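Following: one structure in structure tokens, then a few remarks.
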2 protein chains.
Amino acid sequence: MRLVIARCSVDYAGRLSAHLPLATRLLIAKADGSVLVHSDGGSYKPLNWMSPPCRLTESEGQWVVTGKSGETLTVHIEEIIAEHSYDLGVDPGLIKDGVESHLQELLAAQVNVLGEGWRLVRREFPTPIGPVDLMCRDGAGVSVAVEIKRRGEIDGVEQLTRYLDLLNRDPLLAPVHGIFAAQEIKPQARVLAEDRGIRCVTLDYDAMRGTDTGDLRLF
Amino acid sequence: MRLVIARCSVDYAGRLSAHLPLATRLLIAKADGSVLVHSDGGSYKPLNWMSPPCRLTESEGQWVVTGKSGETLTVHIEEIIAEHSYDLGVDPGLIKDGVESHLQELLAAQVNVLGEGWRLVRREFPTPIGPVDLMCRDGAGVSVAVEIKRRGEIDGVEQLTRYLDLLNRDPLLAPVHGIFAAQEIKPQARVLAEDRGIRCVTLDYDAMRGTDTGDLRLF
DNA sequence: TTGTTGATTTCGCAA
DNA sequence: TTGCGAAGTCAACAA
């Protein structure tokens, strides 16, 4: 990995065009040929960059990085303030815990929190337009399709609506009710869901993780 | 901006939990307190990070970065291989050209390419659930709502469908037809749109930009 | 290889 | 401040 502090201007030509006026920035050239242009602020996103696969061609006062489909990132270097190079080796990678699939696991093990006497039919219930997160039957034996999101927005309601439209054409299943479950539900999504007769449930990840899952399960 | 090359392990605890085993990495501490942990590969996204606003607390062999809502990024530093510090100043920022709003401008100036005798009623035509990108009338005077996307996916078709449902309740406008226009339309989106009687149009940004009079290429 | 979905998305605009 | 849609989104996973 090469780190260069330089006064530079940058031009990108690809799906869009972008330009950065002359200023002092950090240039990172990674081992795979990718280049990042960072300023001393903003979030983790560089001001400009080229993703791999790509190739860096260096000439006097200019870097040209060419991407697979012809995009180019051109860095005009006015002055190099510092330059360092290090061998980092391959990174062992990130281990995550607490994403949407975990929510699905937890709720699948605790469908009783949706209502008295509910049971899980199956996770990832298949339909021609994709799998329903959870298929349940409520206390009265009525089918309920559950869509689980970390953040509940309109798209999720539309997705569940398409599933329900389809599932309700199956006389063996119909009527199929719907539940939209998320850690956080946006007001517009809630309004749309309830307007369509879909029940909204807010999930508490920490509470679900802490709950003993065995005590109310029915088989 | 501080650049540190170090053998370190990293733990994040926030909306999710994440862990990085011991390895050599680049640590970037920006002026606003944010911290980025980069490896020598991947894309522009760091392995782990903390977005501003946040605060970096340093102690012997350990950085603790605390975010506004209590998330923490903890970097356990085993060995510092190199450390540099630079004053970059404030960046003048990025200038972009070629995004969705430009597509809308271009098509608004060339609605005749959608059909003989078409005219623009207005851009950003207001409805209670948000503005329609373009409202037109075709050669026969029938209203047509146009939704423009850079990438046409199912969400965009759903969005246009909601507009059409609403607009067709207005007897002064009805019947209102729909056009889904994008630089690239996903097959599923095309099928759904055409199933609902919405016409799909693929836009060529370069051709539209190069055209004065509107010989837009339709595929 | 292609397509679809989630994300500690981030970012920008408007109400 | 909040909400919502766009992004050069990226990245993981399935078909």
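Sequence lines set the chain letters: A, B, ... in the order given, protein chains first and strands last, and positions in each chain run from 1. The model shown is predicted, which means the values in this text are computed figures rather than measured ones.
Residues that satisfy the side chain to side chain donor-acceptor pair (under 3.5 Å) test with B:Y163, not counting sequence neighbours, are B:Q159. The side-chain contact (heavy atoms from CB on, under 4.5 Å) test applied to B:Q104 returns B:R123, B:E124, B:D133, B:L134, B:I148, not counting sequence neighbours. Residues that satisfy the side-chain contact (heavy atoms from CB on, under 4.5 Å) test with B:R196, not counting sequence neighbours, are B:V157, B:E158, B:T161, B:L192, B:I198. Not counting sequence neighbours, A:W63 has no partner by the ring-ring contact (aromatic ring centres under 6.0 Å, His included) test. Residues passing the ring-ring contact (aromatic ring centres under 6.0 Å, His included) test with A:H76, sequence neighbours excluded: none. Partners of A:V201 by side-chain contact (heavy atoms from CB on, under 4.5 Å), not counting sequence neighbours, listed by chain and number: A:L114, A:I179, A:A181, A:R199, A:L203. Residues passing the side-chain contact (heavy atoms from CB on, under 4.5 Å) test with A:V176, sequence neighbours excluded: A:S143, A:A145, A:L164, A:L167, A:N168, A:L173. Residues that satisfy the side chain to side chain donor-acceptor pair (under 3.5 Å) test with A:T66, not counting sequence neighbours, are absent from this structure.
Taking a 4.0 Å limit (strictly below) on heavy-atom distances, residues 13-41 of chain A reaches DNA chain D at A:R15, A:L16.
Evaluation of the salt bridge (Lys or Arg N to Asp or Glu O under 4.0 Å) test over residues 42-53 of chain A, restricted to residues two or more places apart or in two chains, returns none.
Under 4.0 angstrom from either OP1 or OP2 of D:dC10 there lies at least one side-chain N or O belonging to A:S51.
Among the protein residues, B:M50 comes within range of no part of the nucleic acid, since none of its heavy atoms lies under 4.0 Å from any strand.
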List every contact pair, protein side and nucleotides 11-15 of chain C side both N or O, where the distance is under 3.5 Å.
unit_1: C:dC11; atom_1: OP1; unit_2: A:S43; atom_2: OG; d: 2.6
unit_1: C:dC11; atom_1: OP2; unit_2: A:S43; atom_2: OG; d: 3.2

Taking only nitrogen or oxygen atoms into account, show me every contact under 3.5 Å that the protein makes with nucleotides 3-5 of chain D, one pair per line with its distance.
unit_1: D:dC4; atom_1: OP1; unit_2: A:Q188; atom_2: NE2; d: 3.4

